[in-house]
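To find a chain, count down the sequence lines: A is the first, B the second, and so on, and within it residues start at 1.
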Number of protein chains: 2
Amino acid sequence: MRTEDLDTPFLAVDAGVLERNLTDGADRARRRGLAWRPHAKTHKSVAVARRQLAHGAAGLTLATVAEAEVFAAAGVDDLFLAYPVWAAGGRADRLRALAGRVRLRIGVDSVAGADRLAAALRGAPAQVLVEVDSGHHRTGVDPGDAGGLAARARAAGLAVAGVFTFPGHAYAPGARAAAAADEVAALSAAAAGLAAAGIEPLVRSGGSSPTEDLSPDLPDRWAPTESRPGVSVFGDAQQVELDAAGFDRCALTAVATVVHARPGHAVLDAGSKTLGADRAPWASGYGRLPGHPDARVTALSEHHATVAFGDEPVPEPGSRVRVVPNHVCSAVNLADHLVVLSGDGAGGDTVVDRWPVDARGANT
Amino acid sequence: MRTEDLDTPFLAVDAGVLERNLTDGADRARRRGLAWRPHAKTHKSVAVARRQLAHGAAGLTLATVAEAEVFAAAGVDDLFLAYPVWAAGGRADRLRALAGRVRLRIGVDSVAGADRLAAALRGAPAQVLVEVDSGHHRTGVDPGDAGGLAARARAAGLAVAGVFTFPGHAYAPGARAAAAADEVAALSAAAAGLAAAGIEPLVRSGGSSPTEDLSPDLPDRWAPTESRPGVSVFGDAQQVELDAAGFDRCALTAVATVVHARPGHAVLDAGSKTLGADRAPWASGYGRLPGHPDARVTALSEHHATVAFGDEPVPEPGSRVRVVPNHVCSAVNLADHLVVLSGDGAGGDTVVDRWPVDARGANT
């Protein structure tokens, strides 16, 4: 079967580019001496997770209990919930069941959250990592408060194994290097705080796709031990525009049809319900077209992407074009499955497989 | 069952508010003498569609063939595909099958698209409406070109029944009244063009949620005959910020848990994978909290919404809050089902039903 046989829009994964991204992702962590624990929120796919594990991933990172349940059911047995989970109600029971089934780590960033988690686990064998704010200012405690929180969590009955952070402030033009340095500094300071409180900070977990390729010297006693990139398994337009990857690293594209053309512009049938509506303030549009690097997606509706082609010829109605989503995690979460294309690394058109997005919509 | 028994995040529909929106939507069209053909892309739910039809909807509007297939399978027999469908490959066969099954109208906005559609239908009994650009500059032809395109479509063998437009430029502060006037003018001019070409423009279809409540005088011979609002069945934060609706018209909210609190800010577990990432340039944030009208969602990640509470007390971790998404159509398309709450009109907490989002992800 070829892509022409499939009605657009759909998400296609180039198996060759994916394979190269997997190899390089594993190598990059290995060169830095880090455990590689990719974030499965990006692909939500058991097929991709198995490939990550085959390439040497130490386990998976997840954002929700529901995601963790999907991968645990598929036999992945080492999971880190990198989120300050609020372990109440049904979620408490689900977490306890999960802890009885897999090697589980869970994020904590407040005393209330730690108390709640301890009550939920009732001694079930999970470890916790204290979340630290390294500059993104989303969740996490100040590095200087990590030791105190770790001590409170331990007093509540939790097994504290270390610290983690997400340097999300790397997602801005020119910010990658500074964010990578912030990340290392925050993990180190937080780990020192745990050590001062008498808790061995065995795990110092960081990483994001824009920072994973940077290699700050890691001489510190409490340097990172683990990297958790998500997006880089597929790449996306934001990574391209942050200079964190090239189009040759974009394994996933939306295949779309031109439904309307006028001078300078075309409208595609892949809108926000296919690509996702994410647009960082610095993004040049709502996605990019690798085959038309100067084109910009200037407007997005649910089923329309308006593309400005500038001086380039505008593709005719009925033409197919490929769009790299701005944020691949959002696009994948809109699809029931990913169409896998033969791995010639150049967007080959032969459909070789179809992978379900197993954890699509797994938000709870 | 009460909402407390459900793990967050989830989308909840207040049955009382929905009922009021349905009654008012039907009344509004009736008062203007318009057929009411709500856009099902908003709810994607057979249960909601049945309620719209019971309140007097003439049929449904859809954006994709896949959506139309879902509602046709549920027995809805009058469908308008308000989109310049490119009827090639498998989609051609699917359209022809649909035309043999329900009363079907399809949008056309180019000669190439009309030729393709005629070839796809092979005489199957569908009508087409010419799409006109009334100022949104997305798809559609200039009103002055509608007659010529209609004549070409008829020559290709299509049954041309009229014209339609979407005044999407109403989605800007202060733009509603002018967009509503543009809509009426564009439909009238286009219809006159069809008449001049010897084609009776029986259907003049317009409508958007921000313009449906406006009532420009419709004295013209070619005034609109049909209204196609989508969002207003549920309401959303964009409608509130455009002054097109109040929070009392927001039937759908995301129920979320506070997972992190610090002075002035809380972080919720409903992020872009629950609320959608839509943010118009003029929006005040990524959604609104009806219970905290001065609060703003200042940042959104996949599973984090950062809320600034200003001088207000910040809810404690574990508290539940409700968030009205910016764009309800995107939020609904992320969910597998909608939790229906008892219709006390005040966000009652008793769960009375659970409606599947039948056409979720139906993009092709």
Side-chain angles (χ1 to χ4, degrees), chain A residues 4-10 41 63-66 83-86 88-91 94 109-110 112-113 116 131 137-140 166 168 257-261 265 267 269-274 276-279 299 301-304 306 316-318 327 329-330 333-336 360-361 363-364, chain B residues 4-10 41 63-66 83-86 88-91 94 109-110 112-113 116 131 137-140 168 257-261 265 267 269-274 276-279 299 301-304 306 316-318 327 329-330 333-336 360-364:
Chain A
E4 288 83 345
D5 301 323
L6 299 174
D7 289 347
T8 61
F10 58 89
K41 72 177 177 116
T64 69
V65 178
Y83 193 86
V85 179
W86 188 257
R91 185 149 37 215
R94 294 163 56 210
D109 85 340
S110 69
R116 176 67 64 167
E131 183 173 6
H137 306 324
R138 188 174 66 180
T139 44
F166 170 64
T257 298
V258 175
V259 297
H260 172 100
H265 291 81
V267 177
D269 64 359
S272 61
K273 282 178 173 169
T274 298
D278 299 61
R279 181 175 181 174
S301 310
E302 287 152 71
H303 299 283
H304 303 77
T306 302
E316 303 215 328
H327 185 192
C329 310
S330 295
N333 187 50
L334 290 161
D336 289 319
R360 187 201 53 71
N363 286 331
T364 57
Chain B
E4 289 83 344
D5 301 323
L6 299 174
D7 289 348
T8 60
F10 59 89
K41 72 180 177 113
T64 69
V65 178
Y83 194 86
V85 179
W86 188 257
R91 185 149 36 214
R94 294 163 56 212
D109 85 339
S110 69
R116 177 65 64 166
E131 183 173 5
H137 307 324
R138 188 174 66 179
T139 44
T257 298
V258 174
V259 297
H260 173 99
H265 291 80
V267 177
D269 63 359
S272 61
K273 283 179 174 169
T274 298
D278 300 61
R279 182 175 182 174
S301 310
E302 287 152 74
H303 299 282
H304 305 75
T306 303
E316 304 214 327
H327 184 192
C329 310
S330 294
N333 187 51
L334 291 161
D336 288 319
R360 188 203 53 71
N363 286 332
T364 56

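In terms of heavy-atom proximity, A/N363 sits nearest to B/K273 at ND2-O, 3.0 Å. Contact detail for A/W86 and B/T257: the closest heavy-atom pair is CD1-CG2, 3.9 Å.
With a threshold of 4.5 angstrom between heavy atoms, A/R94 approaches chain B through side-chain atoms but not through N, CA, C or O. When heavy atoms are compared at a cutoff of 4.5 Å, A/V259 approaches chain B by way of both its backbone and its side chain. For chain A, the nearby part of B/D336 is the side chain; its heavy atoms alone come within less than 4.5 Å. For A/H327, the part sitting under 4.5 Å from any heavy atom of chain B is the side chain, from C-beta outward, and nothing else. When heavy atoms are compared at a cutoff of 4.5 Å, A/F10 does not approach chain B at all. Interface remark: A/A88 contributes backbone atoms only to the contact with chain B (heavy atom separation under 4.5 Å).
For A/E316, the side-chain contact (heavy atoms from CB on, under 4.5 Å) partners at least two apart in sequence or on another chain are A/S319. For A/S301, the side chain to side chain donor-acceptor pair (under 3.5 Å) test picks out B/R138, with sequence neighbours left out.
Ranked by non-hydrogen atom pairs under 4.5 Å with chain A, the options B/R279, B/R116, B/E4, B/H137 are led by B/H137. When each of B/N333, B/V65, B/L334 is scored by its heavy-atom pairs under 4.5 Å with chain A, the top score falls to B/N333. Residue with the most contacts toward chain A among B/P317, B/G276, B/A335, B/A112: B/P317 (heavy-atom pairs, distance under 4.5 Å). In terms of heavy-atom pairs under 4.5 angstrom with chain A, the leader among B/G361, B/S272, B/G168, B/G318 is B/G318. Annotation: maximal heavy-atom pairing with chain A below 4.5 Å, among B/V267, B/D109, B/V258, B/T64, occurs at B/D109. Ranking A/A63, A/G89, A/P9, A/S110 against chain B, the residue ahead of the rest is A/P9, based on heavy-atom pairs under 4.5 Å.
Here the side chain of A/D278 pairs no donor or acceptor atom with the backbone of B/A277 at under 3.5 angstrom.
Rounding to the nearest 0.5 angstrom, the gap separating the OG1 atom in A/T139 from the NE2 atom in B/H260 is 6.5 Å. Remark: B/H303 NE2 to A/K41 NZ distance equals 7.5 Å, nearest 0.5 Å.
Taking the six-membered ring where tryptophan is involved, the planes of B/Y83 and A/H304 are tilted, since the angle between them lies from 30° to 60°.
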